[in-house]
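This chain uses plain numbering: 1 for the first residue, then up along the sequence.
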Amino acid sequence: MALSWNEIKDRALNFSKEWADTSNEEADAKPFLVEFFNVFGISSKRVSTFEHRVKKLDDKDGYIDLLWKGTILIEMKSRGKNLDKAYQQAKDYTHGLKQHELPKYILISDFENFRLYDLEEDKTIEFKLNDLINNVQHFGYILGYQKKVYKEQDPANIKAAELMGKLHDRLEEIGYTGHPLEVYLVRILFLLFAEDTTIFNKQQFQEYIEQRTAEDGSDLASKLQELFQVLNTAKENRFKNLDEQLADFPYVNGKLFEENLPTASFDTKMRQALLDCCYIDWSQISPAIFGSMFQSVMNPKERRNLGAHYTSETNILKLIKPLFLDDLWKEFDVSRASAPKLKEFHKKLSTLKFLDPACGCGNFLVITYRELRLLELEVLRSSHKSGQGVLDVRDIMLLDVDMMCGIEYEEFPARIAEVAMWLIDHQMNMQISNEFGQYFVRLPLKKAAKIVHGDALETEWEEVVSKDELSFILGNPPFIGSNIMSQIQRDAIVKEFDNIQGSGVLDYVTGWYIKAAKYILNSKIKVAFVSTNSIVQGEQTSILWGQMLNKYKIKIHFAHRTFKWSNEAKGNAAVYCVIVGFANYDTANKSIFEYEDIKGEAHEIKVKNINPYLIEGKDILIDKKSNPICNVPQIFKGNQPTDGGFLILSEEEKIEYLLKEPKGKKFIKNLVSGREFLNGINRYCFWIVDSFNEIRELPILQERIKNCKENRLNSSFADTRKLAERPFQFRDLKNPETFIVIPATTSENRKYIPFAFLNKDYIPSNSVYIISDANLFHFGVLMSAMHMTWVKHICGRLKSDYRYSKDIVYNNYPWPDNPNEKQIKSIETASQKVLDARLQFPNSSLADLYDPLTMPPILVKAHNELDKAVDLAYRPQAFTSEANRMVFLFELYEKYTADLFTKEKPKKTKKTA
């Protein structure tokens, strides 16, 4: 049992008195150091070596007074000797040490003066022997106490995960796989943490391997099996003649070492791989971060992007702070002045329960538990000043890991989550120990987080934790888009939504939303999930939130609008996310967290209501509509070729074709696709609507038509096979005299989606939308900041790119309400200026012109004038923000659609010439 700080101070006082009057003749380094370590309750048997021989830079032998490999090097000198020279001598000795033997600290002493060098933080502590009692805390590292700020991309986390990966690979190569391998590695993970964080004695596991197993690894597996058995056996039930080193390990329990696993097999390299893991200082590894990295290591495909898949602490805090943590800290601040109120608040903390129904390696649960324990520490500080009146710290600690519950689909991360919870619990116990001067460790393990291995959408959450006990649901359900879901996953979502119309297009994450809504019905449980922003944009919004709001009476309490969910890992793909916090009851305290820069920090806006688009305003849902709600021209998708590529030509193919068949020129037209339209790339197609007899004289074109026919006939779709009857044409035949072209997908980085007028010489493909019979007024409104705001908040997304749509975006857009002739003329004039400004740059593509970094000033000015003209057509007051625009547009939408289903007539806007 480790000593409390009070006991250590008593020993330090006695040690100082005993050695205070020792003369140089009586001073002997070895007994001095043996007793020095005894001050901290550390036996000299565990200290690596006295008078450790090492080769110096001049190739001569040197002798270190004491070396504890990987921890501390101590050099003793006679009283009055120069300590600067002694320190340089000690530094010289380190050149002869192996990497894992290098110390983190160097202590220099002449029996009277002490100088402690922290080599990692480049700090020096200096004191005299009689002042050791006031400096013992600086030696907490030899007991395993660590004050560490965990970095999300700390190289230590990555190195540790990579070393575990090597061990995993070697075991898998010899045929040790599946469930046994996963449990085996989780056990080793626990042992590595335990020996560096005071659960075990420092380096106890490492020394067991080094001193009790053969270098060739032949007996390592059996020795580990023996150790697992010992750790699962209470001390009183162990064999009386047990090896001394084994007997020194504590009883762990917690079922971690209970299962009998097949015996593995090790060789020299595998033993070294395990030792390399031991040489890492695991006290510096964050349980919250490492778990997911460890999981990635087990997957060779993910290993090249190590670190890409864990959830960063910053992002977790974005969710848990508004969900519960901020409120708890406010409640603590109110309670701290009153002892009875503080006691009641502490009791309340201990009764909270949390569920993460997609917990992975437990990141959210670990950080949540850590933050609650930090809050409890503040409660204890306020209740028990400087430890006064605390006989046993375990009597005043109320929080334990069993307040955390989780569901995880894969077994391995579920087991890691359990262990991670024990590890973070121990780290927090060490903080309590530091605070109150009492060493406290929960061994044997009696409680555990309840992590259920199963499918969250098939599992009854009530069986995991009763909703009468549960306080909060939180997490980061799987980011699986509707277009890449398996049929099993799609069926699960449709089933969860009771087979309602449209549920087949929903992303996988929506299953967690609807299941949570069902679970929290008629309760005060609050929920917050991280999700891809698809659930608050496009057609999914009305389907999901129609059920959430109308059937389950959900109210959104807080929301983070779209931000970039990323961890600065190499190869890490960015995901664009939102966080939505909700409950089955309303609250007056609602907040939207807005991002000026999706990669930056949010600012909080207090609001009265948050609708499903995460905008302040009424709970409005935008449904698909086949016709515009206003009296404006219809919009259509461009032409679907369905030709196997045989009717389409690149610039090079066109030139080559016309060299061989110049008479075919009359059948070639410009093809407008989204990418080519934006980037000024020429592309062409064969467009044949008449003069069929002339095709007989064009054998190359005939061959292309023949190939198109065969391609269609080979299709599994009946409609495509029917198209083989006219193999010389696209599936669709739209070719209006003039039209506005709108790219279906475009970058979110642009302030405006570039639209343009084209004529019948251009054939629009299916990657653009077209509006025929449109004029400058229509063009101007669609190119305005007002319409762009609507697009940004209502359209679906492809990754982060805007995905324009007919039924959701255009047909639901609220145009200006009955603009007058002056307003219309103003918009038309400003629209022409935008088009004229573009013409001044004939060699620039639209992508060039609308690049936010290089947009020409004359074009910027023209757009600013257009924005002002359109804004004035809506109202005379200026719009101060995008949110302000959306509130207005939602109100206008509500006005236009209030009687839409009874009258079935679109809202009129004044027609223009």
Margin query: Does the structure place the NZ or CZ of Lys318 under 6.0 Å from the centre of the six-membered ring of Phe563, at an angle of no more than 45° from the ring's axis?
Written below: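 Flagged: Lys318 positioned over aromatic ring of Phe563.
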Item checked: Ring-face cation of Lys524 near Tyr585 (centre distance under 6.0 Å, axis angle within 45°) ->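 Yes, Lys524 lies over the aromatic ring of Tyr585.
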Does any N or O in the side chain of [X] come within less than 3.5 Å of the main-chain N or O of [Y], such that one atom is a donor and the other an acceptor?
{"X": "Asp498", "Y": "Ile500", "answer": "no"}
{"X": "Thr541", "Y": "Gln537", "answer": "yes"}
{"X": "Thr510", "Y": "Leu506", "answer": "no"}
{"X": "Asn550", "Y": "Gly546", "answer": "yes"}
{"X": "Trp790", "Y": "Val809", "answer": "yes"}
{"X": "Asp425", "Y": "Met421", "answer": "no"}
{"X": "Tyr813", "Y": "Leu889", "answer": "no"}
{"X": "Glu408", "Y": "His453", "answer": "no"}
{"X": "Trp461", "Y": "Ala456", "answer": "yes"}
{"X": "Ser471", "Y": "Lys353", "answer": "yes"}

Next item on the list: Show the numbers, then the answer: is there a salt bridge (charged side-chain N to carboxylate O under 4.0 Å, His left out) between Lys555 and Asp619?
Entry: CA-CA 9 Å; Lys555 294 298 292 184; Asp619 290 331; 2.9 Å; yes
Note to self: Applying side chain to side chain donor-acceptor pair (under 3.5 Å) to Arg561 and His793, what does each step give before you reach the verdict?
What the structure shows: CA-CA 10 Å; Arg561 303 204 70 252; His793 291 85; 3.1 Å; yes
Nearest heavy-atom neighbours spanning [X] and [Y]:
{"X": "Leu614", "Y": "Ala559", "result": "CD2-CB, 3.7 Å"}
{"X": "Tyr519", "Y": "Ser466", "result": "OH-C, 3.5 Å"}
{"X": "Ala420", "Y": "Val366", "result": "CB-CG2, 3.8 Å"}
{"X": "Val527", "Y": "Ala516", "result": "CG1-CB, 4.2 Å"}
{"X": "Asp623", "Y": "Ser542", "result": "OD1-CB, 3.2 Å"}
{"X": "Pro743", "Y": "Pro754", "result": "CD-O, 3.4 Å"}

Any [X] side-chain heavy atom under 4.5 Å of [Y] side chain:
{"X": "Met886", "Y": "Ile615", "value": "yes"}
{"X": "His603", "Y": "Phe593", "value": "no"}
{"X": "Thr745", "Y": "Tyr802", "value": "no"}
{"X": "Phe677", "Y": "Pro764", "value": "no"}
{"X": "Leu678", "Y": "Arg675", "value": "no"}

For the atom pair [atom1] ([X]) and [atom2] ([Y]), what is the distance rounded to the nearest 0.5 Å?
{"X": "Leu352", "Y": "Glu469", "atom1": "CG", "atom2": "CD", "value": "12.0 Å"}
{"X": "Ile451", "Y": "Ile416", "atom1": "CD1", "atom2": "CD1", "value": "12.0 Å"}
{"X": "Ser503", "Y": "Ile543", "atom1": "OG", "atom2": "CD1", "value": "7.5 Å"}
{"X": "Ile525", "Y": "Phe582", "atom1": "CD1", "atom2": "CZ", "value": "11.0 Å"}
{"X": "Gln487", "Y": "Gln489", "atom1": "CD", "atom2": "CD", "value": "10.0 Å"}
{"X": "Thr314", "Y": "Ile367", "atom1": "OG1", "atom2": "CD1", "value": "9.5 Å"}

Charged N to carboxylate O below 4.0 Å: is that the case for [X] and [Y]?
{"X": "Glu182", "Y": "Arg415", "value": "no"}
{"X": "Asp807", "Y": "Lys625", "value": "no"}
{"X": "Arg370", "Y": "Glu313", "value": "yes"}
{"X": "Glu496", "Y": "Lys518", "value": "yes"}
{"X": "Lys467", "Y": "Glu462", "value": "no"}
{"X": "Asp732", "Y": "Lys637", "value": "no"}

Next item on the list: Tell me, with the steps shown, if Thr746 and Arg750 meet side chain to side chain donor-acceptor pair (under 3.5 Å).
Entry: CA-CA 8 Å; Thr746 184; Arg750 299 188 182 101; 2.5 Å; yes
Next item on the list: Starting from the C-alpha separation in whole Å, work towards a yes-or-no answer on side chain to side chain donor-acceptor pair (under 3.5 Å) for Tyr513 and Ser531.
Entry: CA-CA 10 Å; Tyr513 274 81; Ser531 319; 2.6 Å; yes
Next item on the list: Take Gln540 and Asp507, measure what side chain to side chain donor-acceptor pair (under 3.5 Å) needs, and give me the verdict at the end.
Entry: CA-CA 8 Å; Gln540 294 195 45; Asp507 287 352; 3.0 Å; yes
Note to self: Applying side-chain contact (heavy atoms from CB on, under 4.5 Å) to Leu167 and Leu185, what does each step give before you reach the verdict?
What the structure shows: CA-CA 9 Å; Leu167 184 60; Leu185 288 172; 4.2 Å; yes
Next item on the list: Check whether the side chains of Ser591 and Glu604 place a donor and an acceptor atom closer than 3.5 Å, and report yes or no.
Entry: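 Note: Ser591 and Glu604 side chains meet the donor-acceptor criterion.
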Next item on the list: Ignoring hydrogens and angles, state whether a donor on the side chain of Glu259 or His179 is under 3.5 Å from an acceptor on the partner side chain.
Entry: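 Glu259 vs His179: donor-acceptor pair found between side chains.
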Step through the shown structure and confirm whether more than 12 heavy atoms of other residues, nucleotides or ligands are within 6.0 Å of [atom1] on [X].
{"X": "Gln640", "atom1": "CD", "result": "yes"}
{"X": "Gln501", "atom1": "CD", "result": "no"}
{"X": "Ile484", "atom1": "CD1", "result": "yes"}
{"X": "Tyr409", "atom1": "OH", "result": "no"}

Next item on the list: List the steps, then state whether side-chain contact (heavy atoms from CB on, under 4.5 Å) holds for Lys806 with Asn811.
Entry: CA-CA 6 Å; Lys806 164 182 172 285; Asn811 286 345; 3.7 Å; yes
Notebook entry, point to check: Are the aromatic ring centres of His787 and Tyr804 under 6.0 angstrom apart?
Noted result: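 So the answer is yes for these two rings.
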Item checked: Proximity of Tyr369 and Phe354 rings by center, below 6.0 Å ->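 No, the ring centres sit 6.0 Å or more apart.
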Next item on the list: Please assess Tyr576 against Thr532 for the test side-chain contact (heavy atoms from CB on, under 4.5 Å), listing each intermediate value before the final yes or no.
Entry: CA-CA 6 Å; Tyr576 293 84; Thr532 47; over 6 Å; no
Next item on the list: Check the angle between the aromatic planes of Tyr176 and Tyr184 and answer parallel, tilted or perpendicular using the 30° and 60° thresholds.
Entry: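 Perpendicular.
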Notebook entry, point to check: Would you call the rings of Trp422 and Phe190 parallel, tilted or perpendicular, where under 30° means parallel and over 60° means perpendicular?
Noted result: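 The rings of Trp422 and Phe190 stand perpendicular, inter-plane angle above 60°.
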Item checked: Step-by-step side-chain contact (heavy atoms from CB on, under 4.5 Å) determination, Leu355 to Ile407 -> CA-CA 8 Å; Leu355 171 66; Ile407 305 171; 4.3 Å; yes
